[in-house]
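Shown next, in structure tokens, is the structure this report addresses.
Just so you know, ligand 1 is whichever comes first in the structure, and atom 1 is the first atom listed for that ligand. Treat the numbers as computed from the prediction; the structure is a model and nothing was measured. All residue numbers refer to positions in the sequence shown, counting from 1.
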Amino acid sequence: MHQKSYPFFEKPPDEIRQKEICVHLREAHPMLFCGEIGKSTLGRPLRFFRIGRGKQAILYVGAHHGMEWVTSLVLFRFVDDLMKAISRRGMGNLLGKDRSLFVLPMLNPDGVEIELHGASAAGLLRDRILAQNGGNEDFTHWQANARGVDLNHNYDAGFGAYKEKEKEMGIFGGAPTRYSGPAPFSESESAAMRDFLLFTHPALTLTLHTQGEEIFYHKADPPVKGAENYGWMLATLTGYRLGQAKGAAAYGGMSDYIAEKLHLPAYTLECGLGKNPLSCEAGEGIYRGLRRALFLSLITAYFGYPKKEDTVWNA
Ligand SMILES: [Zn+2]
């Protein structure tokens, strides 16, 4: 049976569009499980999809940052593609019976809505974020959540060291980008993510950002077993450059936290090339470039690579 393909890359994923996409995915794939890990600052759902019933988790996350919403479209598209493949070839062939894939297309729905629709999307926080944006009504470069906190600097990894750098950059409070917040996990989005990570201990985490066609991983001490080799494999599959995060980008991020505190492999993928925000149409090319890595990562960990000890949670 031929299924007509859905136009994932037609519009940006604002609240209305996300609902449309989720309705489509549930209708097209009745077996797909959709849940929430929590709510954003303004009460928007932090949605995830779960595919498979195994105890070993793999995690893909999009849109930590407001203007990087194209990564959500890429992950919605991937979920659709994967579910179609499962209906043709069976779950076991794609995921194995021991694994579960969790896809969280958008960790920062408030930031995305603000980036797309301006200050009014922040509701009661409207005046506050306008001030944080320097009084500017143009939010096309907004990266933070609705409290002006950059979620990917709000994880508990080098937080204190980053605070010093933040001051050097002249950031002392809520801002469009790079403000790490009052304390690690001060934000509802990152706190929900931490709880989810501690519950699932993903054997592999890929977190999608834009742009630069680069893959970053955090060299923890002691190093996470297999993490560098797996990074090279991802680089080979995507054609992206592999590197270690440097400067301000090396602190407080999700991948840094997972590597440092959970000792598990996690990668930040800076998808696509161009100037942020990338367009919807750019998503199609990004997806084509990532597709093999997203599919293959489902089974490589199944063969015990990267190492999977201590990654089974008690579901
Ligand atoms: Zn980003």
Side-chain angles (χ1 to χ4, degrees), residues 12-13 40-41 46 59-76 78 103-116 132-133 139-155 157-159 162 165-166 169 171 174-181 187 189-190 192-194 197 205-218 231 234 238 240-259 266-280 282-283 286-287 289-290 293-294:
S40 71
T41 301
L46 306 175
L59 175 62
Y60 298 168
V61 182
H64 266 76
H65 288 139
M67 70 171 167
E68 301 177 6
W69 43 257
V70 73
T71 57
S72 306
L73 298 178
V74 167
L75 288 175
F76 282 128
F78 167 69
V103 181
L104 215 132
M106 190 183 289
L107 186 66
N108 184 11
D110 294 345
V112 168
E113 202 71 10
I114 290 164
E115 197 275 344
L116 291 170
Q132 289 171 346
N133 202 36
F139 280 82
T140 48
H141 292 99
W142 188 263
Q143 291 282 54
N145 73 353
R147 284 167 22 96
V149 175
D150 189 321
L151 296 177
N152 212 39
H153 287 301
N154 190 240
Y155 291 81
F159 191 86
Y162 182 74
K165 296 211 172 282
E166 202 172 88
M169 291 186 285
I171 299 168
T177 182
R178 292 188 165 182
Y179 171 59
S180 59
E187 306 309 297
E189 297 88 354
S190 48
M193 192 72 237
R194 172 202 56 201
L197 289 171
T205 301
L206 304 181
T207 165
L208 273 53
H209 291 248
T210 62
Q211 49 82 50
E213 299 200 335
E214 288 183 291
I215 298 169
F216 294 109
Y217 72 103
H218 182 104
L234 288 173
T238 55
Y240 287 10
R241 221 151 43 103
L242 181 68
Q244 286 171 52
K246 289 193 183 77
Y251 299 91
M254 182 183 178
S255 302
D256 309 317
Y257 172 73
I258 294 173
Y267 303 88
T268 303
L269 278 67
E270 295 286 354
C271 306
L273 267 186
K275 205 171 165 321
N276 279 333
L278 297 182
S279 65
C280 288
I286 290 172
Y287 182 62
L290 287 188
L294 294 175

Checklist line | Side chain Asn154, main chain Leu151, donor-acceptor under 3.5 Å | finding: no

Notebook entry, point to check: Got a donor-acceptor contact below 3.5 angstrom from the Asn152 side chain to the Gly252 backbone?
Noted result: no

Next item on the list: Hey, can you tell me if Tyr162 and Tyr251 have their rings parallel, tilted or perpendicular (30° and 60° cut-offs)?
Entry: tilted

Next item on the list: Using the side chain to side chain donor-acceptor pair (under 3.5 Å) rule, take His218 and Tyr267 through it: C-alpha gap first, then chi angles, then the decisive distance, then the call.
Entry: CA-CA 8 Å; His218 182 104; Tyr267 303 88; over 6 Å; no

Notebook entry, point to check: How many protein atoms of type N/O/S are positioned less than 2.8 Å from the Zn ion (ligand 1)?
Noted result: 4

Item checked: Atom pair CD/NE2 of Gln143 and His153 - distance to nearest 0.5 Å -> 9.5 Å

Margin query: I'd like to check the side-chain contact (heavy atoms from CB on, under 4.5 Å) partners of Pro176; sequence neighbours left out, ordered by chain and number.
Written below: Asn133, Trp142

